[in-house]
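Below is one structure; the comments refer to it alone.
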Amino acid sequence: MNRPNILIIEDDKVVSRLMATMMESQDYAYQLAETGRDGIAAILSYKPEVILLDLGLPDMDGVDIIEQVRGWSNVPIIVVSAREDDSDKVKALDAGADDYLTKPFSIDELLARLRVALRRVALDSDKSGIASNIYENGNLRIDYSAGCAYINGEEIHLTPMEYKLLCLLAKNTGKVLTYNYILKEIWGSINASDIPSLRVFMTALRKKIQAGSDKEFIQTHSGIGYRMLHLH
Ligand code: CA
């Protein structure tokens, strides 16, 4: 990826201008769309590497855009919205957004989230056949075909549930996974009463993969879910 294409779907001109300036400062290419309709058209024609999406657009709700786009594309979507309720974040993430940032946002924070999304794009395009059986992130390594995980080359002993959780997070590195998403993938159904046990499994998993590493792999988004971070 040389110069990444970023699509900014935002109807507030002050915000989109600020974002445009940020893209220029990073030498990212970008395109602006002010409505959901134009945004969707631009996703098809411009083929962005990452989308920055406002939820409150004049013609559509951003969540509907996420749902539509996920029907045909896996492109990372970072929601940048003034809606700060956890339920709005969860709705957008459940619809398939990768990340969520609340306005007013800090420039450094937005650029950091963009880099996370761009790394996911780079990682996805690296994957080819055999290579995708091995996951490596910092000192964590997962051998999917053997069903084993390692820290610093040493196998860590995980319960089947912990291993499933780890694989799910790893396969979605850089993306915030909501409780609902995780429950659906691992338990097979969404039941809010399972969230406390999910937390317990996550704590146990975190303890095991954190041993021998000074970096935090799994980020907690309080009231929302978890994300596996990219480590160098
Ligand atoms: Ca708006």
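Just so it is clear, the structure is predicted and the values come from calculations on it, not from any experiment. Order of listing sets the numbers, starting from 1, for every ligand and every atom in it.
Because the distance cut-off is set at 3.0 Å, Asp54 qualifies as a neighbour of the Ca ion (ligand 1) through one of its N, O or S atoms. Coordination check, Asp11 versus the Ca ion (ligand 1): passed, since an N/O/S atom of the residue sits under 3.0 Å. For residue Gly56, an N/O/S atom approaches the Ca ion (ligand 1) to within less than 3.0 Å.
With respect to Glu185 and Lys164, no salt bridge is recorded, no charged nitrogen being found less than 4.0 Å from a carboxylate O. Electrostatic pairing of Lys89 and Glu84 does not count as a salt bridge here, judged by no charged N lying under 4.0 Å from a carboxylate O.
Shown here is Lys184, whose NZ atom has no more than 12 heavy atoms of other residues, nucleotides or ligands within 6.0 Å. Crowding of Arg37 atom CZ: a count of heavy atoms from other residues, nucleotides or ligands under 6.0 Å not exceeding 12.
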